[in-house]
Each structure stands twice: as structure tokens, then as C-alpha cells.
Amino acid sequence: MFITLLIAVAAMAQRGQLAAMKNVVDGGYNFWLYAPKEYVTEGHRVPVIIFLHGASLCGRNMQRVRRYGLLHAIQQGRYYPCMVIAPQNPGGAWRPDKIARVLDWVEARHDVDTTRVYVIGMSLGGYGTLDFAGTYPDRVAAAMALCGGSTLKDFSGLGRIPLWILHGTADRAVPLSQSKTVVEAIEDSGNDRLLRHDWLRGADHGDLARILYLKQTYDWLFFHTTQDNPREVDRDVTISLDDLKNAYKNLDKEATRFDIVKEIKPRRQP
């Protein structure tokens, strides 16, 4: 009995933590904050991924944000050794300044690697990803925008970061032309050295959500840091339609169990 208890306690100690942060950031969004076991129990400084959801998850019920994307992928068994910020947009376009305030709040309280902040989003979140990364390029180590577009008038910031834009050719929710407009603007400026783009033939809008569950998605993001001199973009990692079909393989729910807590203990005094 005693040995069983010790094993259970040890297993609990190896879990990550997830907290719903409501009304804590003035002028920001409510958000989920996930910390992996490397941060919670081992005290390591970890990267940060900001995940921006699509329009279907907008609202004020934060449980909606866990329906797909990074938090759902973790729950299903895809492990990421990083802190995840998953804001909820109550409605309308994502606002870069409100995302930045959430990031400020996290960085002020947690010992995270500010040179390895990544942003990824799809659909409305793809727009938010490009708008945020283009507005705050010095804060972003790499960005990946899925089946989105951008409301930016100036795309010069996007030319300063490793950026991967992906869109399905059969997307009927957000036309491929929205992503192509961004790519063409960056290419026409001659500032496309760090740009990648892929048009996945036959993939529809929902298919792109599977990219959020692929291991290589995060291998690509984690390759980059703002300290790279010169900045480079990884062109070795690839994502294909076959990869999307196999996105849910090799998951390990037991390895990714986490505790839902009221707050992830701060390490810094804001």
C-alpha cells in the first residue's frame, strides 16, 4: 500500500499543469496557460508557443479553446516541452496588442526563454498569427500560419522572421488567395529569404487542423531562435497530405497527463 502511494505521488510530480487565467491581464485576453513537467517539477527554462484559435472557438466559455489545437493535442498525447499560451478571442479579429499584453504578463512572472517565443494559428488564428508576428517581429522566433491571411498594410515585419504559411487548395472557408496575397507581397518586396509556403493540393479547411498534431510542426518551430545570427529558416522539415492522414498516430496519453490548477506558480515578481 505504501509503495503504491509512493508510485502515485511520483507520477503526480511528473505531470504538467494547466490553468485558466481569467481577468488577470488589463487590456488583454483570457487565456489558458500550460506548463510542462520540465518547468513545473524540474525548474528548466522552456520556450513559449502562443496558439491562436479559429472563429469557431470564439466566445467566453474557455473550455471551447480545448476542442482542438495545442491543448487538445497535449490531452490526446502529443508532448511539447514548452509553455503554451492559448488565449480566447471573444469575437472579431485578433488584436496584436492584446496578445502582446498576455505575453508580457507571462514573461514577467515566469522564467521562460524569451528568445524562443513561437506563434501558430489557423483560420482566424492564421490571420492573428501573421498580424501579431508582423507587428512584433523582434519578439517572435518563428511563426506558422495555417489557412489564414492578414489584415496588415505593411508586411515588412513578416520578412524579418522565419515564417511558414500553409493552405489547402480545396479550402472553401478561407480562400487560398488570402495566403497567396501575403506571400506575394513579401516576395514582391524582395524580403522573402526567411519565407516558406506550401499549398497542400486537395486539402480542405479542416484538414489543416491536423498540422497542429504533427511532431514535425514543433520540430520546425523549435529549430529557430531570435539569437540566430544571421536568422535562418529551416527548409528540411516537410509536411505532406500523407502526414496529415497520420497526424493522430504515435500519441501517448499516459505520458502527457497534466493537473488542472488555479495558477501555475510564478517564479518572478512582476
Side-chain angles (χ1 to χ4, degrees), residues 28-34 47-59 62 64-74 78 80 82-103 106 116-137 139-152 155 157-158 161-168 171 173-176 178-179 181-183 195-198 200 203 205-214 216-218 220-222 224 239 244 247:
Y29 294 110
N30 292 336
F31 62 99
W32 287 100
L33 185 63
Y34 168 82
V48 176
I49 296 180
I50 302 170
F51 166 65
L52 303 180
H53 64 72
S56 66
L57 305 188
C58 287
M62 291 184 64
R64 295 169 68 92
V65 183
R66 298 173 61 188
R67 289 183 181 176
Y68 74 80
L70 268 70
L71 299 182
H72 184 259
I74 293 168
R78 181 67 70 201
Y80 314 118
C82 64
M83 190 165 281
V84 175
I85 301 170
Q88 184 175 38
N89 183 342
W94 284 100
R95 284 182 46 184
D97 61 322
K98 295 181 72 170
I99 300 169
R101 290 189 186 104
V102 172
L103 180 59
V106 171
R116 300 179 68 202
V117 174
Y118 310 99
V119 58
I120 184 171
M122 73 165 287
S123 194
L124 181 66
Y127 281 83
T129 293
L130 293 175
D131 288 356
F132 176 77
T135 303
Y136 300 99
R139 303 190 71 173
V140 176
M144 184 180 287
L146 314 176
C147 55
S150 178
T151 67
L152 293 174
F155 294 102
L158 291 175
I161 63 170
L163 174 62
W164 196 354
I165 298 176
L166 299 101
H167 213 122
D171 194 325
V174 178
L176 175 60
Q178 294 295 298
S179 285
T181 295
V182 178
V183 168
L195 174 66
R196 289 187 63 175
H197 64 276
D198 282 288
L200 298 176
H205 194 69
D207 289 334
L208 271 289
R210 292 172 175 256
I211 290 174
L212 298 166
Y213 298 78
L214 294 174
Q216 60 260 45
T217 298
Y218 304 93
W220 183 84
L221 289 172
F222 293 150
H224 307 94
I239 292 176
L244 300 190

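Each residue takes its place number in the sequence, starting with 1.
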How long is the gap from [atom1] on [X] to [atom2] on [Y], to the nearest 0.5 Å?
X	Y	atom1	atom2	value
S56	R67	OG	CZ	7.5 Å
T129	F51	OG1	CZ	8.5 Å
I120	M144	CD1	CE	5.0 Å

Query raised in the report: Side chains of Y80 and R78: do they bring a donor and an acceptor to under 3.5 Å?
Result: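 There is no such pair between these side chains.
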Query raised in the report: So among W32, Y68, W94, which one has a ring-ring contact (aromatic ring centres under 6.0 Å, His included) with H53?
Result: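 Of the listed residues W32, Y68, W94, the ring-ring contact (aromatic ring centres under 6.0 Å, His included) partner of H53 is W94.
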Measure across [X] and [Y] and return the closest heavy-atom pair with its distance rounded to 0.1 Å.
X	Y	result
L152	F155	O-CZ, 3.5 Å
A100	R139	O-NH1, 3.8 Å
A55	L124	N-CB, 3.6 Å
G148	Q178	O-CB, 3.3 Å
A73	L212	CB-O, 4.0 Å

Query raised in the report: What's the verdict on side-chain contact (heavy atoms from CB on, under 4.5 Å) for L52 and Y29, showing C-alpha distance, side-chain angles and the deciding distance?
Result: CA-CA 11 Å; L52 303 180; Y29 294 110; over 6 Å; no
Requested in this report: Flag the pair Y218 / Y118 as yes when their ring centroid distance falls below 6.0 Å, and as no otherwise.
Outcome: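 No, the ring of Y218 stays outside the 6.0 Å limit from the ring of Y118, centre to centre.
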